[in-house]
Peer 1: 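Can you keep this structure in mind? I'll have questions shortly.
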Number of protein chains: 2
Amino acid sequence: MQDSGYTIQEMAERCGMTAHTLRYYERVGLIQPVSRARNGHRRYSEADEAWLHFLHCMRATNMPIRAMQRYAELRELGDSTSLERRKILEDHRAAIASQIQELEKAHAMLTHKIANYKKIEQRTRIGGPIADEPEVDCSLVTAG
Amino acid sequence: MQDSGYTIQEMAERCGMTAHTLRYYERVGLIQPVSRARNGHRRYSEADEAWLHFLHCMRATNMPIRAMQRYAELRELGDSTSLERRKILEDHRAAIASQIQELEKAHAMLTHKIANYKKIEQRTRIGGPIADEPEVDCSLVTAG
DNA sequence: GTACAACTTTGAGCGTGCTCAAAGTCAAGC
DNA sequence: GCTTGACTTTGAGCACGCTCAAAGTTGTAC
């Protein structure tokens, strides 16, 4: 057979998704109907792979399926939709930036809190607090 | 009345959650049964607030409810659980770090892709590609 | 005393994003 | 010819984290 291209399993592995998810994405229009081998099995092209990688990257950063659907739709409509597509990407980039901010705040807080736990464990091992070391006590850090 | 403390609505606003969520968290054991006014309404303390803020922060960074439940449980058990609690926090901090990584990768990719869109839009306005400017073409960037 | 608002409870329902079950087709190997 | 295994389809089911509906109580304002 010619029937060239990746099988659904191969593509699933390459993109870090399951075959289930690939079929689901096709079903909801995130990817155009994939070409078929003569036996009816899907065969994915390199172009499909690039697009699926992109989708995966967007999902991994919490873009809703809805937004991805809209983007995919515009992409099918061609060059005239470029501005709207760019806006979607810019919005998502902004969303990512604010996620990063939130995560970094939490990361810093946890670092403090973990240090505080270590201090407590130290104290417990030695027996009782050390006079000259002030308690770490910034709200969240000591909330549990 | 004495019945001092924050009402559920007040606490919801302070913590950026809904009253629904506060009741839900209590129901699933993320917070110990909250004290009540004489009319049976919940009254939240400052300590509750600190703890709820902490929970909110963990949720906002995608800690599963399960993990939060485990942490809350250990917290109730007292100092002897300090090591396990710290481990939970360290694991979550690691999870946060890897989320940040993923997000930053996507952010950079989007920045490239957006720049590419701008270039295309430019070209479209002027009419045709400019000879001396190489196409940006790094897989994901041009995948749609 | 009656309207109204803010709470209470229990249990059900929902949106998202998969994930799987069932039944069937097809091609290769023994 | 029959088994095996990878695929196919459709529609249902699931895990998570809320979110809401219904029915009831309480306290304040008029």
Side-chain angles (χ1 to χ4, degrees), chain A residues 1-45 48 52 54-72 92 95 99 102, chain B residues 1-45 48 52 54-72 92 95 99 102:
Chain A
M1 298 197 200
Q2 33 138 286
D3 295 344
S4 67
Y6 301 114
T7 67
I8 194 163
Q9 278 306 330
E10 284 164 354
M11 192 47 92
E13 273 155 44
R14 280 173 167 267
C15 297
M17 314 186 198
T18 67
H20 288 307
T21 302
L22 290 181
R23 290 196 203 95
Y24 169 71
Y25 278 13
E26 191 174 335
R27 188 157 52 161
V28 301
L30 284 177
I31 178 166
Q32 290 289 109
V34 172
S35 70
R36 302 297 178 123
R38 266 172 297 178
N39 59 10
H41 292 190
R42 288 173 180 79
R43 287 292 179 274
Y44 292 84
S45 69
D48 291 333
L52 285 168
F54 171 70
L55 292 178
H56 181 63
C57 183
M58 295 300 94
R59 267 306 295 146
T61 55
N62 305 306
M63 182 181 270
I65 295 281
R66 284 289 172 97
M68 288 166 53
Q69 283 171 323
R70 178 70 185 147
Y71 187 88
H92 185 55
Q99 285 180 69
E102 192 92 354
Chain B
M1 295 193 203
Q2 33 137 289
D3 294 343
S4 67
Y6 301 114
T7 67
I8 195 165
Q9 279 305 329
E10 285 164 354
M11 192 47 91
E13 275 156 43
R14 281 174 167 266
C15 298
M17 313 186 197
T18 66
H20 288 307
T21 302
L22 290 181
R23 290 195 203 95
Y24 169 71
Y25 278 13
E26 190 174 334
R27 188 157 48 162
V28 301
L30 285 178
I31 177 167
Q32 290 289 107
V34 173
S35 69
R36 301 298 177 123
R38 266 171 296 175
N39 60 12
H41 292 191
R42 288 174 180 79
R43 288 292 179 274
Y44 291 85
S45 69
D48 291 332
L52 285 168
F54 171 70
L55 292 179
H56 180 63
C57 183
M58 295 301 93
R59 267 306 295 146
T61 55
N62 306 306
M63 181 180 271
I65 295 281
R66 284 290 171 98
M68 288 165 53
Q69 283 171 324
R70 179 69 184 146
Y71 187 87
H92 186 54
Q99 285 180 70
E102 192 92 353

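Residue numbers start from 1 in every chain, and the chains themselves are labelled A, B, ... in the order their sequence lines are given, proteins ahead of strands. Note: hydrogens, waters and symmetry copies are ignored here, and every other heavy atom, side chains too, is used.
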Peer 1: Whole angstrom is fine here: how far is it from CD1 in A/Ile65 over to P in C/dT19?
Peer 2: 11 Å
Peer 1: Rounded to the nearest angstrom, tell me the gap between atom CG in A/Leu55 and atom P in C/dC18.
Peer 2: 11 Å
Peer 1: Are any side-chain N or O atoms of A/Arg66 and backbone N or O atoms of A/Arg70, one a donor and one an acceptor, separated by less than 3.5 Å?
Peer 2: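 A pair under 3.5 Å: no.
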Peer 1: Would you mind telling me which of D/dC20, C/dC7, D/dT8 lies closest to the side-chain atoms of B/His20?
Peer 2: D/dC20
Peer 1: Starting from the C-alpha separation in whole Å, work towards a yes-or-no answer on side chain to side chain contact (heavy atoms under 4.5 Å, CB included) for B/Leu30 and B/Tyr71.
Peer 2: CA-CA 9 Å; B/Leu30 285 178; B/Tyr71 187 87; over 6 Å; no
Peer 1: Rounded off to whole Å, could you give me the CE-to-C1' distance for the A/Met17 and C/dT19 pair?
Peer 2: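 Between C1' of C/dT19 and CE of A/Met17: 15 Å.
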Peer 1: Could you tell me whether the phosphate oxygens of D/dA6, OP1 or OP2, come under 4.0 Å of any side-chain nitrogen or oxygen in A/Thr7?
Peer 2: no
Peer 1: In this structure, how many angstroms lie between the C1' atom of D/dT9 and the CG atom of A/Leu22, rounded?
Peer 2: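 Going from CG in A/Leu22 over to C1' in D/dT9 covers 16 Å.
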Peer 1: Given D/dA6, is OP1 or OP2 found less than 4.0 Å from the side-chain N or O atoms of A/Gln9?
Peer 2: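 No, outside the criterion.
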Peer 1: Is the closest side-chain donor-acceptor distance between B/Arg43 and B/Tyr6 under 3.5 Å?
Peer 2: no
Peer 1: Does OP1 or OP2 of C/dT9 have a side-chain N or O of B/Arg42 closer than 4.0 Å?
Peer 2: yes
Peer 1: Ignoring backbone atoms, test whether B/Tyr25 places a side-chain nitrogen or oxygen under 4.0 Å from the OP1 or OP2 oxygen of D/dC18.
Peer 2: yes
Peer 1: Heavy atoms from C-beta onward define the side chain here; which of C/dT8, D/dG27, C/dC18 lies closest to that of B/Asn39?
Peer 2: D/dG27
Peer 1: What's the closest nucleotide to the side chain of B/His41 if the choices are C/dT19, D/dG17, C/dC7?
Peer 2: C/dC7
Peer 1: Just by distance, with hydrogens left out, do B/His41 and B/Thr7 show a side-chain donor and acceptor under 3.5 Å apart?
Peer 2: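 No - no donor-acceptor pair under 3.5 Å links their side chains.
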Peer 1: Nearest-Å distance, CD (B/Glu26) to P (C/dT10)?
Peer 2: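 From B/Glu26 CD to C/dT10 P: 11 Å.
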Peer 1: Out of C/dG17, D/dT19, D/dT8, which nucleotide sits closest to the side chain of A/Ile8?
Peer 2: D/dT8
Peer 1: Using heavy atoms to find the nearest nucleotide of DNA chain C for B/Arg36 and A/Pro64 separately, return the residue whose nucleotide is more 5′.
Peer 2: B/Arg36
Peer 1: Where each residue is assigned the nucleotide of DNA chain D containing its nearest heavy atom, which of B/Arg27 and B/Arg66 is assigned the position nearer the 5′ end?
Peer 2: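 The residue whose closest nucleotide sits nearer the 5' end is B/Arg66.
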Peer 1: Under 4.0 Å between a side-chain N/O of A/Arg38 and OP1 or OP2 of D/dC7, yes or no?
Peer 2: no
Peer 1: Starting at atom OH of A/Tyr24, determine the distance to atom P of D/dT8, rounded to an integer number of angstrom.
Peer 2: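 To the nearest whole Å, that distance equals 18 Å.
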Peer 1: Figure out the CG/P separation between A/Leu52 and C/dC18, and round it to whole Å.
Peer 2: 13 Å
Peer 1: C/dC7 phosphate, OP1 or OP2: any side-chain N/O from B/Arg43 under 4.0 angstrom?
Peer 2: no
Peer 1: Report yes if a side-chain nitrogen or oxygen of B/Arg23 is closer than 4.0 Å to either non-bridging phosphate oxygen (OP1 or OP2) of D/dG17; otherwise report no.
Peer 2: no
Peer 1: Keeping the roles fixed (side chain from A/Glu26, backbone from A/Gln32), state whether a donor-acceptor pair exists under 3.5 Å.
Peer 2: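 No: the side chain of A/Glu26 does not pair with the backbone of A/Gln32.
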Peer 1: Using atom NE2 of A/His56 as one end and atom C1' of C/dC18 as the other, report the distance to the nearest whole Å.
Peer 2: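 Interatomic distance, NE2 of A/His56 to C1' of C/dC18: 14 Å.
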Peer 1: Verify side chain to side chain contact (heavy atoms under 4.5 Å, CB included) between B/Tyr25 and B/Arg27, making sure each step is shown before the conclusion.
Peer 2: CA-CA 5 Å; B/Tyr25 278 13; B/Arg27 188 157 48 162; over 6 Å; no
